[in-house]
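What you see is a predicted model, and the numbers here were worked out from it, not measured in a lab. Each chain gets a letter, A, B and so on, in the order the sequences are listed, and its residues count up from 1.
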Number of protein chains: 2
Amino acid sequence: MVQNGQITIHDIARRTGLSKGTVDRVLHDRGGVSRKSKEKVMAAIQELGYEPNVYASLLAKKEKPLIAVLIPKHEPDSFWELAASGIDKSAESIGAIGVDTLHFEYDQYDLDSFRTTCAKLLDANPSGVVIAPMFQEATEGLTQELHKRDIPYVFIDSKPETDGCLAYFGMPLYKSGYLCGDLLTGGQPVQNVLIVRIRRDRYQQSDPTINRRAGFMDYMLEHSPDCVLSNVFIDPNEPDKIEGTLSAWFEDHPQVRHIVMFNSRIHLIVPWLESHPDPKRRVVGFDNLKANMEALQRGIVTSLIAQRPDEQVRLAIEALTEFILFRKLPARKDNYMHMDILTRYNAEYY
Amino acid sequence: MVQNGQITIHDIARRTGLSKGTVDRVLHDRGGVSRKSKEKVMAAIQELGYEPNVYASLLAKKEKPLIAVLIPKHEPDSFWELAASGIDKSAESIGAIGVDTLHFEYDQYDLDSFRTTCAKLLDANPSGVVIAPMFQEATEGLTQELHKRDIPYVFIDSKPETDGCLAYFGMPLYKSGYLCGDLLTGGQPVQNVLIVRIRRDRYQQSDPTINRRAGFMDYMLEHSPDCVLSNVFIDPNEPDKIEGTLSAWFEDHPQVRHIVMFNSRIHLIVPWLESHPDPKRRVVGFDNLKANMEALQRGIVTSLIAQRPDEQVRLAIEALTEFILFRKLPARKDNYMHMDILTRYNAEYY
DNA sequence: ATTATTTCCGTTACCGTGCACGATGATTAA
DNA sequence: TTAATCATCGTGCACGGTAACGGAAATAAT
């Protein structure tokens, strides 16, 4: 440990001939200080190089900041579960420095659920909020209220076009589609590609796969202009039918050996892939769900593109904490996360 | 913010009919407490779920933990510079919670320099140390002294076989070589590979490339048993000669289009690669040095394997901080970092 | 001129722990 | 029996900062 001849507010009080109460007032801009005194204090702070003692401050305030996290409800092995576990992890570490965390989860297919969850969140009166938005308008309603109450918030995953948020952490969706094209083709021209898609619920508001598909299309246009792209739709609610659907399709297109999905559900087609092995096939999907990782390590899936959802939330929570505790703004407002390329050879330590 | 009905030592003092002095004594095992009192206090702590207030404790002790970091001295765009910048970043964030950080840098080719730097480090009397070891024996001398003084330490990058360190954060070297094989060959059998090597200084103690090469060899043995592996040595101290060396070699082996280096200096051969373009060539190297990244984005280098040195040190410092402040042991002792695969399509956001 | 407001600032009681100091009663030595 | 020793414990100040409270002086209102 280190002995610290720290400069305290007493020092600068003595130096200015004022009391520590006044010093505290200018430190926190609480008003009620004459211009002259304020200037003297500021000067002394500069000269002596005063830095507040975080411990003493936190102790005296005897308050714990609360960070609320608003994410979609999730099934066991899903993208949002990865995010949630990331929340728990960083909740632990910031809990150590005296910051509490609270999850709020809404049904991403139910606007009402989102609304009521927002209300609950506001009731908890958090000092900061992490938002994974799904419903454009309702989110705006929330952020307006947060603004009114002067509560900072950050977005993760996706974000409204313009917004007064503190920061945003997410994946570059278009680019991830582009990268996906490179991984699927291995950089070589390709004749046929099958895109497996999920019939979206009509209530679904935001769809990241649209941007990914766009990036993918552009890659293919540039590198394999003659490639035929086919689409097959499957229904995650009827997993039994998936194998049949795929088998039927491949009956007509036996030559297709490049398969891609732009959502996190590549694991849905793994049973079919396993029962129809082809060593030359290439399969690319997204996100490090457990089921996906297993398929990757068994060689069924060629590559996954992952975005470290846990790190996304960690950074989001960290940025929020720094702002709440120390009023420190994040270095960048828009933070695009690195896209991790996972293969069977580097999956082990992810 | 949230009001916290925290349990304090007063509460457990009142509950046991003792004074806070006594409670403090059992909390810190300072002796001078009867068996009966001690038991009563322990019981009350259990029942009420007492958790010490870190802020108050740190404030009262009026000490700031100091974390010392011991790494090799480094040139501008080198691996250890990446690590150093990671240190600065996390120093900032833990600085916010009142933890200081201090660099100590030694000449990795000079044992004496390591020794004197260790001495300086010990003089600073840190509460925890992060070590990037290069000299086996001298490192042991340091850790023994740290043990004596009861100072926790963690290793990064590499570590001695057996040691009482708190944790270790590093890259799985052998596996990274194996992965490297897959990236270089694209999973397809290959006829010829050129390994560009650096003539090591004879004083160099640890050489991560040995393990990487081993992993690479095994991959090739399994996937391209007939492949011819050639070695060419270059000297980083005479960059002017590199182009000549390579040109001379390729005169005799024009058919070789797979090139790999197992250290972070792939950028050294970039000038030659640029002046002898070949669209079908594949080049793989290690680490996200600026020069390497540029070559990657220009398409000169096919892939890089990076290990996020900044995250390595962040995790190391974080583990140390948690232990120093809260006596919390890290979840795992050996932490192998994820190997990042970088291509021109995902390099942008790294 | 007197009273009522402001403006500005010092005082003070905390926040929860750490630790030195001294007090108390019990035990032992003289 | 008296003095000295010891085990055991309570008291009180310190750490640096926060913010409520109230007082003095300056200004405004009557």
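- Rounded to a whole Å, the NZ atom of A/K61 is 17 Å from the P atom of C/dC15.
- For residues 143-155 of chain B, the salt bridge (charged side-chain N to carboxylate O under 4.0 Å, His left out) pairs, not counting sequence neighbours, are B/E145-B/K148, B/E145-B/R149.
- In terms of the side chain to side chain donor-acceptor pair (under 3.5 Å) criterion, A/D107 has no residue partners (sequence neighbours excluded).
- Straight-line distance from the CD atom of A/E51 to the C1' atom of D/dG17: 15 Å, rounded to whole Å.
- For B/E81, there are no salt bridge (Lys or Arg N to Asp or Glu O under 4.0 Å) partners two or more places apart in sequence or in a different chain.
- Closest-nucleotide positions on DNA chain D for B/S37 and B/A56 were compared, and the one nearer the 5' end corresponds to B/S37.
- Sorted pairs that involve residues 23-46 of chain B and meet ring pair (Phe, Tyr, Trp, His ring centres under 6.0 Å), not counting sequence neighbours, are lacking altogether.
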Listed pairs, N/O of protein and of nucleotides 23-28 of chain D, under 3.5 Å:
none

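- Evaluation of the side chain to side chain donor-acceptor pair (under 3.5 Å) rule for B/Q312 yields B/Q307 as partners, not counting sequence neighbours.
- Contacts of residues 18-34 of chain A with DNA chain C (heavy atom under 4.0 Å): A/L18, A/S19, A/K20, A/G21, A/T22, A/R25, A/G32, A/V33, A/S34.
- Proximity of residues 8-17 of chain B to DNA chain D (heavy atom under 4.0 angstrom from any strand atom) is restricted to B/G17.
- In terms of phosphate contacts, A/Y55 brings no side-chain nitrogen or oxygen within less than 4.0 Å of OP1 or OP2 of D/dA14.
- Rounded to 10 degrees, the angle separating the terminal helix axes of the helix from C/dA1-D/dT30 to C/dA30-D/dT1, each built from five base pairs, is 50°.
- Residues in residues 115-138 of chain A take part in no salt bridge (charged side-chain N to carboxylate O under 4.0 Å, His left out) pair, two or more places apart or across chains.
- Looking at residues two or more places apart in sequence or on another chain, you find no side chain to side chain donor-acceptor pair (under 3.5 Å) involving A/S85.
- The side chain to side chain contact (heavy atoms under 4.5 Å, CB included) search around B/L82 returns B/N288, B/L289, B/P309, not counting sequence neighbours.
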